[in-house]
Structure formats: structure tokens, C-alpha cells
Amino acid sequence: MRALSMLRHRGVWRSVSIVLLAGLTVAGGLAATSPQSATAQTAVDPTPETLAAHRGGTLRLVAAASGGTLDPQINYTAKYINLYAVVYDGLTTFRKTTGPRGNEVVADLAETLPTPQDGGRTYVFTLRPDIRFSNGQPLTTADVVASFRRIFRVGSPTAGSFYSAIAGADACLKHPADCSLKDGISDDPARRTITFHLAQPDTEFLQKLAFTHAVILPASTPDHDIGNEPIPGTGPYRVTSYDPNKILRLDRNPYFHVWDAQAQPDGYPDGIDYSFGIPDEAAVTAVENGQYDWMADTVPMDRLGELGSRFTAQTHVTPHPAMYFIPMNVNLPPFNQIKARQAVNYALNRKAMVILYGGPGIARPLCGMLPSSLPVTSDQCFYTRGASPSAPAARWTAPDLEKARALVRESGTAGQHVTLVTANTSIDYAMGTWLRDMLQSIGYEATLRPLSSSMAFNYMQNSGNHVQIALKDWSADYPSPSNFLDDLLGCENFHPNSDSSINIPGFCDKRIQAIMDRAKTDVSLTPQQTDDLWRQADRLLMEQAPIAPVIEKDDVIITSPRLKNFFYTQVNKLFFSQVWLH
């Protein structure tokens, strides 16, 4: 392939091999340890003495670009979603602790987790008393009702995939401006109760209520994207200023008090500064030297060696359900032809992508949509040398370029122009360059279009931009197959001409959707039967090949020398409120 030749010609291939070996050292040295590898962890509910000893300082975060809108019900970027966990609360949340228990749902603004009634169709929550927003306004049941209406009125990216089971949601999805949810949610202010009525059971409803888009906002919040204006929340911090070209500032919420430390603990830092405009290469150096405490962007491959040799105490390799994938637009040439999509899957050299990410210590080839860190994982490989959908292999071994070229010819798409869209980060650009050359090698006239990481995802989602093919990374909102199958390829998640259309390929298969819907709603199934449905959906989706899975990846996180109590959860990753800055 031309990209490989280019690396060799420039004398870079040997350096890549060296970095890969160093990356293996990093991963091998830290992956075997706890996510708290560099420091000791304190309890999430510390004693007054511990809190006093480690409270204070300003946490300094850095990114190459900002994450877009401040609206927590619209923003779908990891840059801000993890930050919102210390600003906002939902009725439920994920337990703020490390290890497997961090995947458990607990009550947050609700007093307790309700027992589903009416065969899983009714949930009654009681709101905690004496909680205020950061502007001093008391939290009421009316705020809860208005917040769920707003999910649909503002076109939240997960309105369809996460909250369509609420009675009346179908009408809200069709006519957002008229959404009332009058049949789906009601409140009793005197008893502080909120009742949800579902049109059909949803086995993951409590997890979905714990996701950021279901946070509770003041009822007075406008029913449109608030852009750069902060909305009051109930968490330990509040957004006090935002310039998307420079900095985002968080200070303590003066009205916050701890109601349950497992749901929302008090914070150690006095403030959080999030600086923008520092490229990933410069950010690594700045964090190594202590100018910043944490970087949002992926550590470039060429820096892994020094992390493994010189900065091991500051480097953390952590498992997380995450992947890179290639969405292909099934409604535009050439990828409206299934053989063209299958050709990309066959041609993809996943070993090369592993190397470009940093090596097999932190990444692995991915054959299906379900990474191995999920409870249910992909178990067959269709698109590897010697395999096919009718004769799958157990794992990926090598690309099959001859098969790919034949499929391109059979599809009648050879010679067509294809533009690949990626983010402009170091890793995405390197992978994109390789993929562009791969597309050329199988018969297309391919070009690469890198975009700022702050706008690339929204651009890919909007069908009005006519994106044919893209490269994107994706992480679980919570550890479930639905986050990868239904979110990314569910019929309800394709919204034409919208920046909030996470089904980038515009794919919809009613048969596959019915299987996914049953896995989400049939409360009579055993866990094994539900898992089998997800695997069946995964296989059928891969037959249609609306995407090409690339790699599954671990998080490689570098922190400053002064950051202690590295507190990592699989849902929120580094939980910013619990780090120490002394």
C-alpha cells in the first residue's frame, strides 16, 4: 500500500516499530495494575480530615479545540459529557466508585430507585427535598417534567434511541415543537413524585435516565440550543464563563450539599479551568511538565515511547468500551451498494490501524460492533482473509485486497470519487491518510478531508453535508451492546439534515431493528437470551456492512506530576471532582 511505502520512504517505519515496542512497554507495565495505578485511592465519601487535607487548587484541563455547545441535553462529545458529571444530576446516576461497581445505577436526585410496575411500564420516583440549582432556585417536580419535554423539543441526539419508550415520545419525535409528553410523564408536587408511563418496557430505562441528556434543568430553560450560555445545575460545580476559542471555567456551586456521596460526592478542587487551542503534541509536553493536569485528546502514537520510559508514574492505561469505526453512507454512491461496503471491510488492514493507534498493548483488531470490554462481545469475523458472512472466522487475521477489488468491480463503482472525512488530530489524520490510500488501492479516486475535532462529528452526522465515508471513534455511554448497535445504526437515530443524527450511515433495517427492540423491551427473556439477540443483531448488521469496525482501544491517560488520587470509572473516565492537586 502507498501509505506503507510512504512511511518506509521517509524512514519513519523503523521509528514506528520502536514506538510500538515502547507502547507495549507502557501498556504491559500499567494495564496489569488498578486504574489507580499511580496513587492510592481514598473512599468516595471521605472523612472531614481527608477532605480538608486535599481540598483546594484549580484543576487544569487542556484540549486542541472546544467541545461545542454548553447545552448538556444536546452536546454529545466526550470532552464535555465527562465534565457535566460534576455540574448536573439526573434522577439516577452511575455509582461514583472505581471498579465494576461503578457500572451500577443508583438514585441521584430521586430518593430511591423505584421498582417497575405494570410489567415494566410504570416508574414512580420521589424527588429529594431541599436541593437547589446553582442559581439558588429550588429543584421541583416541574423541573423534571420540563426537562424531559425539552429532550424532544431541542432534538437531543439520544431522544429516539434512549427515551422513545416513554408514552407519547413517537409524537414528540415527529413534531418536537408540540411535544407535551402528557401521557408519558406526570408529577405530584405535594408528594414530590414523578411518574413515567412507558409505551413498552425498557430493560435499560434506569441506565438511560443516568445519562447526561436526561439531567434535570430549571423549567425556565429555553427550548433551543443555549450555545455558549451556561445553564444552572445541581452538582458541586457550576460553569461561570465560556469562550469556545480559549477557556471554560468552573467554580464551586455555592448551593451544593452532599445528599449521597455514591451519587454525587463533594469535590476536592476549588475550580476547573479547561483551556482550548493547544495541539495534542504540545499538550502532551505541557501535561508532562505540569502546566496542565490532563489532556482531552488522544496521546499521539509517537509520544507513547517517552511515556513508557520516562513518565510511567503519570501514565495510566485503562480499559473502556471504545472503538474506531468507519461509517459509510448507504444512501449515497458508491456505498449505497452493499458490495462496495463489504469491499472496504475486506480491504481494511486492522493491524496497521492498531499500530497507528499505538500498538497491540492498547488496541486490538475489531471484527464486529461489540468490543471485548462489553458484557456481550462480537464472536465472528466475516471480513478477513479466507472468511465471508457465510463462512466466518473466529478472529481477524489479514486483509483481503484481491477480494475487495473484485467486489468494487462487481458493484459497478470502480473509479468513482470518494472523500473520507476525519478529525484533524494526529491519530485520526494518520489513520485517515492510510485509509485514503487503501481506498485508492481498491479502485476509487479518494481524497482526505480532515476537519477540526470540534466540528468533525457534527459534520459527519448531517446528511446535508453528503459525507460518503468517515473515520470516527466511539465510547459507551454505559456498558451495553445497545450503545454500539442501536445508537449507531438504529432507525430512530437517523435524522436527515441534522447535526444530531448519530446514525451516520443513514442505515435502517426493520428486521434488525425488531431484534434490537426485543432485546431492549422483552422482560420475559433470560440474560442469556437477551445476549443472544444482541449477537444476532451484530451479525446481521455486519452482513449489511454499513460500517467497518476498525479497532477496539484502551484509554491512555497522562496526568501532571501534582495530580493524585487518579479516580477512574468506566462510565465517567477520570472523575474530575475526586482528584487531589497537592
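Heavy-atom basis, side chains included; hydrogens, waters and symmetry copies ignored. Residue numbers run from 1 in the order of the sequence given.
Ring-plane geometry between Tyr88 and Tyr84 is classed as perpendicular, the angle between the planes exceeding 60 degrees on a 0 to 90 degree scale with a lower cut at 30. Classification of the Tyr478-Phe162 ring pair by plane angle, with boundaries at 30° and 60°, yields tilted. The aromatic rings of Phe567 and Phe575 lie tilted to each other, with the angle between the two planes from 30° to 60°. In this structure, Tyr163 and Phe148 have perpendicular ring planes: the angle between them is above 60°, well past the 30° mark.
When all heavy atoms of Val287 and Pro561 are compared, the closest pair comes out as O-CD, 3.8 Å.
Distance check: Trp294 CH2 to Arg60 CZ gives 14.5 Å after rounding to the nearest 0.5 Å. Atom CZ of Arg132 and atom OH of Tyr255 lie 7.5 Å apart (nearest 0.5 Å). Here Leu448 contributes atom CG and Leu420 contributes atom CG; the two are 5.5 Å apart, rounded to the nearest 0.5 Å. Taken to the nearest 0.5 Å, the NZ atom of Lys79 stands 13.0 Å off from the CD1 atom of Ile81. Rounding to the nearest 0.5 Å gives a distance of 9.5 Å between CD1 of Ile74 and NE2 of His224.
Remark: Tyr242 OH is packed, more than 12 non-hydrogen atoms of other residues, nucleotides or ligands lying under 6.0 Å away. Residue Arg562 qualifies as enclosed at atom CZ: its count of foreign heavy atoms under 6.0 Å is above 12.
Cation-pi contact between Lys472 and Phe457: present, with separation from the ring centre below 6.0 Å and deviation from the ring axis of at most 45°.
Here Phe211 and Tyr76 bring their ring centres to under 6.0 angstrom of each other.
With 3.5 Å as the limit, one finds no donor-acceptor pair spanning the side chains of Arg303 and Ser426. For the residue pair Asp293 and Ser560, a side-chain donor N or O sits within less than 3.5 Å of a side-chain acceptor on the partner. Using a 3.5 Å distance cut-off with no hydrogens or angles, the side chains of Asn424 and Ser452 do not pair a donor with an acceptor. Checking Asp251 against Thr240 by side-chain atom types alone, a donor-acceptor pair falls below 3.5 Å. Side-chain N/O atoms of Asp71 and Thr69 include no donor and acceptor closer than 3.5 Å. In the model, Trp434 has no side-chain atom that pairs as donor or acceptor with a side-chain atom of Asn349 under 3.5 Å. With 3.5 Å as the limit, one finds a donor-acceptor pair spanning the side chains of Asp499 and Asn462. With 3.5 Å as the limit, one finds no donor-acceptor pair spanning the side chains of Thr559 and Gln314. Looking at Thr140 and Asp143, their side chains do bring a donor and an acceptor atom within 3.5 Å of each other.
Judged by distance alone, with hydrogens and angles left aside, the side-chain atoms of Gln461 form a donor-acceptor pair with the main-chain N or O of Ile502 at under 3.5 Å. In this structure, Lys553 contributes its side chain and Met323 its backbone to no donor-acceptor pair below 3.5 Å. Side chain of Ser156 to backbone of Gln73: a donor-acceptor contact under 3.5 angstrom is found. Between the side chain of His213 and the backbone N or O of Asn75 there is at least one donor-acceptor pair closer than 3.5 Å.
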